[in-house]
2 protein chains.
Amino acid sequence: MGGPRFQPVRTVRAYERIVEQIEQAVESGELRPGERLPSERDLMVQFSVSRSTVREALRVLQARGMVRSRPGDPNGAEVLPFTPAALHKSMTTLARVDELSLAELVQFRMVLEGAAYLLAARLHTPSQLADMDAAIARMRAAEGEEAFGAADVDFHDAVARASGNKLILICSDVVRSIVLNLIADKIRAPELRSRSIAHHEEALAAVRAGDGPLAARLARQALSDFYSPYLPEGALDELLE
Amino acid sequence: MGGPRFQPVRTVRAYERIVEQIEQAVESGELRPGERLPSERDLMVQFSVSRSTVREALRVLQARGMVRSRPGDPNGAEVLPFTPAALHKSMTTLARVDELSLAELVQFRMVLEGAAYLLAARLHTPSQLADMDAAIARMRAAEGEEAFGAADVDFHDAVARASGNKLILICSDVVRSIVLNLIADKIRAPELRSRSIAHHEEALAAVRAGDGPLAARLARQALSDFYSPYLPEGALDELLE
DNA sequence: GCTAGTGCACTGGTCTGACCAGTAGGCTAC
DNA sequence: GTAGCCTACTGGTCAGACCAGTGCACTAGC
């Protein structure tokens, strides 16, 4: 050993270069959400490749959720604002393929929600508290399962938003929807509702009082209560004090 | 209102159907990592579509990290084990496009690492403790930045693994690498090393003693210490008691 | 004048068929 | 027995074509 240090080479496909270029244009702000890409036929001229190559690049970008194309649209593909759809997709795959257990997912939710409540208790603004109040009111007023669930989601969203951390917000959202999807076939007994509302109100009171640790503990406890029927005994105990 | 409830329709592209079918085959275990897909020309017969359509489907699957194809490979595309690459990608985009601040990322790390230490303190096995010891030994023995960094990563990985939660492990990993990437241009002053090692050892001692809350607090504190130079004053205080 | 309807030019989705540069494995010549 | 060639494949790319949609300008009718 001692000769020149060579680097492994990798052949780069044409469509990958196109993906890179468009991706960079989006990330640098040169292309903003809502704007349109040139048509595929224009792109094939600009990149001087064939249309199939352009299309493969667009498929990759579409899979990443950065772009959407609609047949017949005279304006070409639309640049989309970032959505956690791709994040959601890969986490879902992770959950399905990589033997991620429901316990792990719920535990992760407990971690995230706990942090969200902790931060929310210290950072909340009046309007965010109002959002939480409104969500609880909607939960109480809800007629069907659907409306109740939506209001429930709104509440957790408001808390996560109050945490001031977008990553917590997005990840909570993704994991929650995956978890709910996993147990969608089992029934959410309506008699749990009043208890669920009470839990939410306690946690909200702690948030309002600025008692982060208490709010976090209540939130974890509520999650543990809610999901323990679907889990082996004691699977979530580690995160409860 | 009162007529039949119609559902919005969505035209489904041919390549999407192919993606679904292959994806499902992978998720159901019918196709296992390491196995090969038929060649594109075979697939076009099986799905009775053209090769371009098959290829667009493969591009999508490849973008999701489920499949890899190599020119000339007589065996067709390879089914890959799940990697967090797609997760990594979408989180990186999130960080770049969605104005995710370094503070949010580090805060998120504090949340995850805190949880990892907390769980590790309660669930660790002897061999996992040994892994952590070994990693610290490597940190101490490291000559260059690179070796030190690698050992550091190994340590955190060992802790996350000891948490027993694969989601925490993977997400910590992803977020850590994004954060390190963001501050890669700044120097990691070598004089911080001995302090960093000391921090790790304190936290490890708490883990060994089974004191989860202490371990978690030390871990958060260490992260806060390490990253505060790159952040506005007090940006991480909310998660320190 | 304005609106309703009709074309048209263009889009993306798909297909066909072709070429090229790689690869792996069998075959041949030594 | 082995080194090296051959071949039958592979994926990557290209060219050209058709179709069903879409939006818009234009036009016919009021």
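Each chain gets a letter, A, B and so on, in the order its sequence line appears, and its residues count up from 1.
- Cation-pi check for B:Arg17 over B:Phe47 is not met; the charged atom does not lie both under 6.0 angstrom from the ring centroid and within 45 degrees of its normal.
- Annotation: ring-ring contact (aromatic ring centres under 6.0 Å, His included) contacts of B:His156 (sequence neighbours excluded): B:His200.
- Residue A:Arg59 is in sugar-phosphate contact alone, with no base atom involved, counting any heavy-atom pair closer than 4.0 Å across all strands shown.
- In the model, B:Arg55 has no side-chain atom that pairs as donor or acceptor with a side-chain atom of B:Tyr15 under 3.5 Å.
- For the pair B:Glu16 CD and C:dG13 P, the interatomic distance rounds to 9 Å; values are reported in whole Å.
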message: Set out, in order, the CA-CA distance, both residues' side-chain angles and the distance that settles salt bridge (Lys or Arg N to Asp or Glu O under 4.0 Å) for B:Glu56 and B:Arg51, then state yes or no.
response: CA-CA 9 Å; B:Glu56 294 191 21; B:Arg51 209 178 135 212; over 6 Å; no

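- Across the protein-nucleic acid pair, A:Leu58 atom CG and C:dT14 atom C1' stand 15 Å apart, rounded to whole Å.
- Minimum heavy-atom separation, A:Met91 to B:Cys171: CE-SG, 4.0 Å.
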Check the interface with nucleotides 24-28 of chain C: list each N/O to N/O pair with the protein under 3.5 Å, or write none.
none

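- Under 4.0 Å is where a charged nitrogen must lie from a carboxylate oxygen, and between B:Arg161 and B:Asp154 no such pair does.
- Counting 5' to 3', DNA chain D first comes under 4.0 angstrom of a heavy atom of chain B and last does so at the ends given by D:dT10 to D:dT13.
- If B:Arg41 and B:Glu56 are placed on DNA chain C by their nearest nucleotide, the residue sitting closer to the 5' end is B:Glu56.
- Atom pair B:Glu40:CD and C:dT16:P shows a separation of 15 Å (rounding to whole Å applied).
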- request: Could you walk me through whether A:Asp152 and A:Arg138 pass salt bridge (Lys or Arg N to Asp or Glu O under 4.0 Å), step by step?
  value: CA-CA 8 Å; A:Asp152 183 37; A:Arg138 273 203 305 284; over 6 Å; no

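- The side chain of B:Thr53 places an N or O atom within less than 4.0 Å of a non-bridging phosphate oxygen (OP1 or OP2) of C:dC15.
- Here C:dT11 presents its P atom at 17 Å from CD of A:Glu78, a figure rounded to the nearest Å.
- Summarising the geometry, atom CG belonging to A:Leu169 is positioned 9.5 Å from atom CD belonging to B:Glu104; distances are rounded to the nearest 0.5 Å.
- The CZ atom of B:Arg55 sits 16 Å away from the C1' atom of C:dG13 (whole-angstrom rounding).
- Inspection of the B:Arg13 and A:Ser69 side chains reveals no N or O donor paired with an N or O acceptor under 3.5 Å.
- In this structure, A:Ser52 reaches the bases: a heavy-atom distance under 4.0 Å links it to at least one base atom across the strands shown.
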